[in-house]
**Student:** 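Starting off with a structure, shown below.
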Amino acid sequence: MPYQPPVRDHVFLLRDVLEIEKYANLPGFSDASMDVVEQIIEEAGKFTSEVLAPLNAVGDKEGCHWSPDHTVTTPKGFKDAYAKLVEGGWPALGAETAYGGQGLPHVLNLSFSEMSSSANMAFSMYPGLTHGAYSAILNGGSDDQKNLYLPKLASGQWGGTMNLTEPHCGTDLGLLRTKAVPQGDGTYRISGTKIWISGGEHDLAENIIHLVLARIEGAPKGVRGISLFIVPKQIPDAQGNPGLRNTVYCDGLEEKMGIHGNATCVIRHEESIGQLVGEENRGLSLMFVMMNEARIGVGLQGVAQAEAAYQAAAAFAKDRLQGRSLTGPKNPNGPADPIIVHPDVRRMLMDSRCVIEAGRAFLFWTALHGDLAHSHPDAAVREKAGDYMALMTPVVKGFLTDKGLKVTSDALQVHGGSGFTEHFPASQYMRDVRIALIYEGTNGVQALDLVGRKLAANGGRAVMSFFAEIDAFVAQNEKDEGLKPFVTGLADAKAKLQEGTFWLMQNGLSNPDNAGAASTDYMHLFGLTALAYMWALIAKTCQAKIAAGDTDPFYETKVVLGRYYLQRILPDAHAHLAKLTSGSELTMALPADAF
Ligand SMILES: Cc1cc2nc3c(=O)[nH]c(=O)nc-3n(C[C@H](O)[C@H](O)[C@H](O)COP(=O)(O)OP(=O)(O)OC[C@H]3O[C@@H](n4cnc5c(N)ncnc54)[C@H](O)[C@@H]3O)c2cc1C
């Protein structure tokens with residue numbers, strides 16, 4: 001079954017659960033009435049399912065082609081689809097109106113991004129990274145740089161990349177060697193090799209703007225000596241058209257496990273001409289703007305691949321006939337029952353769907369805080385929203401992609417042997433999503449960021465406000481009989497998260513290995529609690545609809561999924577707390593040569 005964009009679920013979340021119309025007084029939101037939002041989401045669904053989804057398997061099978069003249073050809077159909085993407089104005093959805101964008105809320109852009117990624121993850125990475133480059137220049141660039149680059153990045157006419165990784169330097173950017181030599185005319189000559197650069201070269205856009213981390217000669221060692229540069233493939237001329245070919249070359253493509261339609265490039269900077277963005281040696285903090293946005297985008301890939309894989313698994317389970325139901329035949333006239341009658345197959349489908357739906361809610365809820373942090377008139381709201389964005393970003397990235405892999409693996413399992421073959425799409429979803437646990441900072445590094453930096457920032461202000469928000473929800477709703485399981489489950493998960501947080505405060509500082517060994521379990525405990533909160537919000541919305549006489553099974557289905565989450569997924573919180581509070585002694589007990 002081809003991918004079906006979950007239009008109704010997106011509209012339900014934005015209109016009924018997050019109630020985005022409440023923010024109509026904020027810039028961007030004033031143009032996003034629910035009529036407009038619904039129309040955009042429906043069109044997004046059409047574009048992604050009709051234009052991008054049919055190219056997903058094509059991109060996987062064909063991959064990208066590199067030529068010795070340093071050019072890269074994307075899979076058949078990608079170029080045409082990209083032209084339609086630009087023509088439809090999709091890349092400009094969330095970009096600022098000052099640079100030709102539509103200035104709509106980012107949370108709405110996320111809806112489009114999820115559908116694009118479900119339809120074709122490899123394709124959607126080209127505009128995804130371009131938007132990251134746009135944000136880095138918007139945040140740190142000079143007015144001239146903004147005026148020159150942003151309109152064309154916003155429209156997608158030019159592509160963008162991020163050039164961080166080098167052969168000897170991945171997680172530890174302090175080891176970075178690419179050097180930048182000032183030319184005395186405001187430009188720099190950049191030399192060095194970057195590897196695994198997504199969209200580093202392709203035939204989709206008329207120019208490619210690389211955002212490059214490099215070290216200016218004489219800069220301090222480590223991360224404090226890194227600067228950020230704009231290195232255009234074609235240096236724009238006075239009219240802003242792609243001019244002189246810069247000395248930045250794609251020397252090859254990686255053979256890889258998934259996302260074959262996305263060009264993963266070795267990029268050689270041979271004294272390429274670059275312009276500094278912001279101040280010298282401040283590159284990493286500027287790049288973090290891009291990386292934080294990209295991390296939310298990667299968390300989204302976890303949900304998006306999970307959604308597409310789940311849909312394929314559900315369709316297969318209704319079609320494939322094997323065995324009989326334990327409680328008597330459900331397809332008595334057929335040779336066997338469809339496998340969806342088997343509780344173990346149901347378990348996989350239910351596990352998947354209740355994580356996808358709450359995961360999406362968590363993603364949208366976090367992105368909405370990003371919008372509020374940008375544009376809410378009340379400084380206190382902006383501060384809290386900014387705190388949440390910082391705190392939740394590693395959880396969105398790490399937890400949702402770990403879950404994305406689990407869901408795509410379960411979806412493959414539902415397909416049985418067919419899933420392992422390439423006749424069905426299950427294997428591609430699992431192969432494609434795997435990278436999401438690695439790039440933009442591995443999930444282990446996200447967990448360390450959460451426990452090492454985000455929890456402690458501003459004296460723990462962000463996590464304390466999250467606890468207070470959950471306490472307030474519990475206090476407001478504890479007398480509601482219908483919501484009881486949701487309120488009790490949430491209160492219990494929050495108590496465990498609080499216990500884990502206090503344990504880290506007491507034991508992580510005295511022995512940092514305790515924090516390191518606990519970090520991934522803590523991130524999962526956090527994610528499980530956040531999803532319990534999302535299910536409580538969704539259930540409250542659905543129960544209000546049901547109480548008002550709405551008999552649409554859509555709402556009752558959500559309540560059942562939420563209750564399943566509480567019974568069958570949330571108990572994992574207990575195991576994560578037990579593991580994280582066990583300390584690091586045994587984890588670190590053996591000497592390295594015992595492995
Ligand atoms: C398909 C693909 C696309 C990519 N796209 C881009 C791109 O567009 N731009 C770009 O710049 N890069 C890109 N990358 C690079 C990617 O961001 C890195 O692979 C990633 O950051 C991890 O670095 P590494 O592979 O060197 O792993 P390493 O840093 O060598 O890590 C190896 C393992 O050690 C762990 N580890 C490392 N340090 C620590 C620590 N301090 N504490 C705990 N654990 C640690 C890691 O979690 C990991 O499990 C891409 C990579 C791939 C495969």
Side-chain angles (χ1 to χ4, degrees), residues 59-60 63-64 72 121-122 124-133 136 159-178 192-202 208-214 222-223 226 228-229 231 248 250 252-267 269 283-284 287-288 290-295 297-298 301 394 397-398 401-402 405 431-453 508 512-520 522-523 584 587-588 592 595:
D60 187 48
C64 295
V72 169
M121 175 167 159
S124 71
M125 287 171 65
Y126 294 105
L129 281 150
T130 301
H131 196 267
T161 74
M162 50 201 284
N163 281 223
L164 286 74
T165 308
E166 299 177 8
H168 60 285
C169 144
T171 301
D172 187 355
L173 289 169
L175 300 173
L176 191 136
R177 283 188 204 140
T178 296
T193 297
K194 298 286 181 179
I195 59 166
W196 304 336
I197 304 307
S198 302
E201 178 59 54
H202 53 75
I208 298 175
I209 311 305
H210 301 284
L211 271 283
V212 183
L213 287 185
V223 289
I226 297 175
L228 179 64
F229 298 88
V231 179
V248 50
C250 173
L253 297 178
E254 296 299 338
E255 291 284 332
K256 53 196 196 297
M257 175 178 176
I259 53 164
H260 294 152
N262 194 269
T264 306
C265 305
V266 177
I267 295 287
H269 293 273
L284 209 53
M287 193 58 122
F288 263 113
M290 189 167 174
M291 280 156 71
N292 279 335
E293 180 177 310
R295 283 172 180 176
V298 175
Q301 291 176 334
K397 196 281 183 183
T401 57
D402 277 354
L405 179 65
R431 287 184 289 102
D432 282 356
V433 82
R434 189 62 186 83
I435 186 59
L437 286 71
I438 297 171
Y439 58 18
E440 296 308 336
T442 60
N443 285 2
V445 168
Q446 302 302 319
L448 282 178
D449 178 44
L450 176 67
V451 302
R453 290 176 59 227
D513 275 346
N514 280 332
S519 57
T520 290
Y522 182 79
M523 180 176 77
S584 61
T587 309
M588 303 306 283
F595 288 87

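The residues of the chain are indexed from 1 along the displayed sequence. As the structure is a prediction and not an experimental result, all values here were calculated from the model. Atoms considered below: every heavy atom in the structure, side chains included; atoms not considered: hydrogens, waters and symmetry mates. Remember, it's 1-based here, ligands and their atoms both numbered in the order they're listed.
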**Student:** Are any of the N/O atoms in Ile197 less than 3.5 Å from those in ligand 1?
**Tutor:** no

**Student:** Decide whether the shortest distance between a heavy atom of Gly444 and an atom of ligand 1 is less than 4.0 Å.
**Tutor:** no

**Student:** May I ask you to check whether Trp196 has an N/O atom sitting below 3.5 Å from an N/O atom of ligand 1?
**Tutor:** yes

**Student:** Would you name the heavy atoms of Ala263 and Cys64 that are closest together and state the gap between them?
**Tutor:** N-SG, 3.7 Å

**Student:** If you measure from each non-hydrogen atom of Asn262 to ligand 1, which part falls under 4.0 Å: side chain, backbone, both or neither?
**Tutor:** neither

**Student:** Checking contacts now, so for atom 3 (C) of ligand 1, which I'm interested in, is there any protein heavy atom under 4.0 Å?
**Tutor:** yes

**Student:** Within a distance of under 4.0 Å, is there any protein heavy atom near atom 10 (C) of ligand 1?
**Tutor:** yes

**Student:** Counting both backbone and side chain atoms, is some N or O of Thr171 under 3.5 Å from an N or O of ligand 1?
**Tutor:** yes

**Student:** Suppose I only count heavy atoms of Glu440 and a 4.0 Å limit; which atoms of ligand 1 are within that range?
**Tutor:** 17 (O)

**Student:** Where's the contact between Ile435 and ligand 1, heavy-atom distance under 4.0 Å: side chain, backbone, both or neither?
**Tutor:** side chain

**Student:** So for ligand 1, is Thr442 a polar contact partner (N or O within less than 3.5 Å, distance only)?
**Tutor:** yes

**Student:** With Leu129, which residues qualify under side-chain contact (heavy atoms from CB on, under 4.5 Å), at least two apart?
**Tutor:** Met162, Ser198

**Student:** Excluding sequence neighbours, so at least two apart, what forms salt bridge (charged side-chain N to carboxylate O under 4.0 Å, His left out) with Glu440?
**Tutor:** none

**Student:** Does at least one non-hydrogen atom of Lys194 fall below 4.0 angstrom from an atom of ligand 1?
**Tutor:** no

**Student:** Between Tyr439 and ligand 1, is there a nitrogen or oxygen pair with a distance under 3.5 Å?
**Tutor:** no

**Student:** May I ask you to identify the nearest protein heavy atom to atom 45 (C) of ligand 1, giving residue, atom name and distance to one decimal place in Å?
**Tutor:** Val445 CG2, 4.5 Å

**Student:** What residue and atom, counting heavy atoms only, is the protein's closest point to atom 26 (O) of ligand 1, and at what distance?
**Tutor:** Gly170 CA, 3.2 Å

